[in-house]
Amino acid sequence: MSLKEDILTILQIKNGDYISGQALAEQSGKSRAAVWKAVKTLQKEGYVINAVTNRGYSLANDGDILNSAKIKNAMQHDIAVIHYTEIDSTNTQAKRLINSGEANETLLVSAERQTAGRGRQGKTFYSPAETGIYMSLVVHPNTMLQNAVTATTAASVAVCKAIERLTDIKPQIKWVNDVYVNDKKICGILTEAVSDFELGIVTSVVVGIGINIKTNDFPEDVERAGSLNADIRRADLIGAVADELLNIIGGDYSDFIDYYRSHSMIIGKQINYIENGIVTPAKAVSIDETGGLVVQTENGTQKTLKSGEISIRW
Ligand code: BTN
């Protein structure tokens, strides 16, 4: 990081409090004159940095700027965080880092905006700057995860817990792991496994999460999309989601299945499920112990869906 970035990070962590020029110089390992010069440059770039004799420097409300230091600072778990101003897809980038051996430990990848955000079933995920969060958590089953499949259900639980921690909103889950608020989808989750073909095992799992916080100009072909519309800092939400996910991802369904059930928005509802390309109308009956969806078809037979897509007949 450059001195300018170092200073910005330190000031952001101070969250509006003052820090002396001497302390900034010591923490960045540079002279006070160099610090002063870097502060001047930042001010020219538009950052509102107050300089007060005998108190030092403070950064006025920086709005909602995202960077890896702010995300790390918002987290309890101590993991590596890589933040990009722009990337095609945090999931794609996470997989590149896995393949190049740069993601051998638990890692969080995030971005201000995605130019090719990916959804399930080959769909795109609209990912504009400033109004949402786009993050991918890389975990390794041998160290973090008993069962790669639990990650996909656990992710929706983590998102709901984080939202409930930071706001008064009560989110709901549409099986398997879409998160809804006021009957609009505000979060999509794409979980991808990276396997070692020779060993025949899943070596890494990438849990990609996108949450619309204040996005309101969705492309026309995006159905039932909405936003959280909450006044929260994006770094806090990324940190909270990552923390909640890391708390539960190594465990078992029994740790979070009751929470998942209590947030399900589909039980008792008329749905369509899609299997082998065939759309079948049914009623959603319950969620089983491992997150499977028990449905009852129109001829009265019950079956449990383990994965796949459903749509609600609104
Ligand atoms: C879906 O609802 O279809 C899943 C959407 C998943 C979007 C997230 S945003 C962060 C991560 N990177 C991606 O390209 N996709 C996921």
Side-chain angles (χ1 to χ4, degrees), residues 66 68 71 81-99 103 106-139 148-149 151-160 162-163 171-181 183-194 204-215 218-219 221-228 234-235 237-242 244-246 249 263 265-266 273-274 291 307-312:
L66 272 185
S68 48
I71 296 167
V81 176
I82 305 180
H83 178 76
Y84 299 91
T85 309
E86 179 181 293
I87 199 81
D88 50 356
S89 146
T90 54
N91 267 36
T92 308
Q93 179 61 7
K95 290 200 279 183
R96 280 187 208 111
L97 294 170
I98 291 167
N99 291 333
T106 306
L107 168 71
L108 178 63
V109 178
S110 70
E112 175 69 42
R113 68 184 284 255
Q114 297 183 119
T115 53
R118 294 188 291 112
R120 294 194 305 274
Q121 298 177 307
K123 291 189 182 149
T124 54
F125 188 81
Y126 183 53
S127 318
E130 293 177 14
T131 61
I133 62 166
Y134 319 106
M135 57 188 279
S136 298
L137 187 71
V138 179
V139 289
V149 186
T152 194
T153 311
S156 59
V157 169
V159 169
C160 291
I163 291 172
Q172 291 186 296
I173 303 170
K174 174 183 158 281
W175 191 85
V176 177
N177 61 11
D178 288 333
V179 178
Y180 276 63
V181 169
D183 289 344
K184 293 272 169 66
K185 175 171 162 177
I186 59 110
C187 165
I189 298 169
L190 175 66
T191 310
E192 298 183 289
V194 177
S204 314
V205 174
V206 179
V207 186
I209 300 171
I211 305 179
N212 308 319
I213 302 180
K214 288 191 174 154
T215 308
F218 296 99
D221 58 340
V222 180
E223 276 173 42
R224 283 200 104 84
S227 276
L228 203 51
R234 289 175 301 155
L237 185 58
I238 295 175
V241 170
E244 295 290 353
L245 189 49
L246 289 165
I249 202 166
H263 285 70
M265 66 186 285
I266 57 160
Y273 70 88
I274 303 151
S307 61
E309 291 289 324
I310 63 155
S311 59
I312 297 176

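In what follows, every heavy atom counts, from backbone to side chain, and hydrogens, waters and symmetry copies are set aside. Ligands are counted one by one from 1 in listed order, and the atoms in each one are counted from 1 as well.
When Glu192, Lys185, Arg120, Gln93 are checked for heavy-atom proximity to atom 2 (O) of ligand 1, Lys185 turns out nearest.
The proximity of Thr92 to ligand 1, defined as any non-hydrogen pair under 4.0 Å, does not occur for either the backbone or the side chain.
Taking a 6.0 Å sphere around NZ of Lys184, one finds it holds 12 or fewer heavy atoms contributed by other residues, nucleotides or ligands. Heavy atoms of other residues, nucleotides or ligands lying less than 6.0 angstrom from CD of Glu130 number 12 at most.
Using a 4.0 Å cut-off to heavy atoms of Gly210, the atoms of ligand 1 that qualify are 8 (C), 9 (S). Near Gly117, the atoms of ligand 1 lying under 4.0 angstrom from a non-hydrogen atom of the residue are 14 (O). The distance from ligand 1 to the heavy atoms of Gly119 drops below 4.0 Å at these ligand atoms: 1 (C), 3 (O), 4 (C), 5 (C). Within ligand 1, the atoms closer than 4.0 Å to a non-hydrogen atom of Arg118 are 5 (C), 6 (C), 7 (C), 13 (C), 14 (O), 15 (N), 16 (C), numbered from 1 in the order shown.
Judged by distance alone, the side chain of Ser227 and the main-chain N or O of Thr215 form a donor-acceptor pair under 3.5 Å. A donor-acceptor pair is defined here as one N or O able to donate and one able to accept, closer than 3.5 Å; such a pair exists between the side chain of Asn91 and the backbone of Leu190.
Considering backbone and side-chain N/O of Gln114, one or more are found under 3.5 Å from N/O of ligand 1.
Not a single heavy atom of Lys123 sits less than 4.0 Å from an atom of ligand 1. Residue Gln121 places no heavy atom under 4.0 Å from ligand 1.
Only one option out of Thr90, Asp88, Thr124, Thr92 pairs with Arg118 in a side-chain hydrogen bond (donor to acceptor under 3.5 Å, both in side chains); it is Thr92.
Between Asp221 and Lys123, no side-chain nitrogen of the basic residue sits less than 4.0 Å from a carboxylate oxygen of the acidic one, so the salt-bridge criterion is not met.
For atom 10 (C) of ligand 1, the nearest non-hydrogen atom of the protein is Thr90 OG1, 3.2 Å.
Listed here is the closest heavy atom pair of Lys174 and Ile266: CG-CG2, 4.1 Å.
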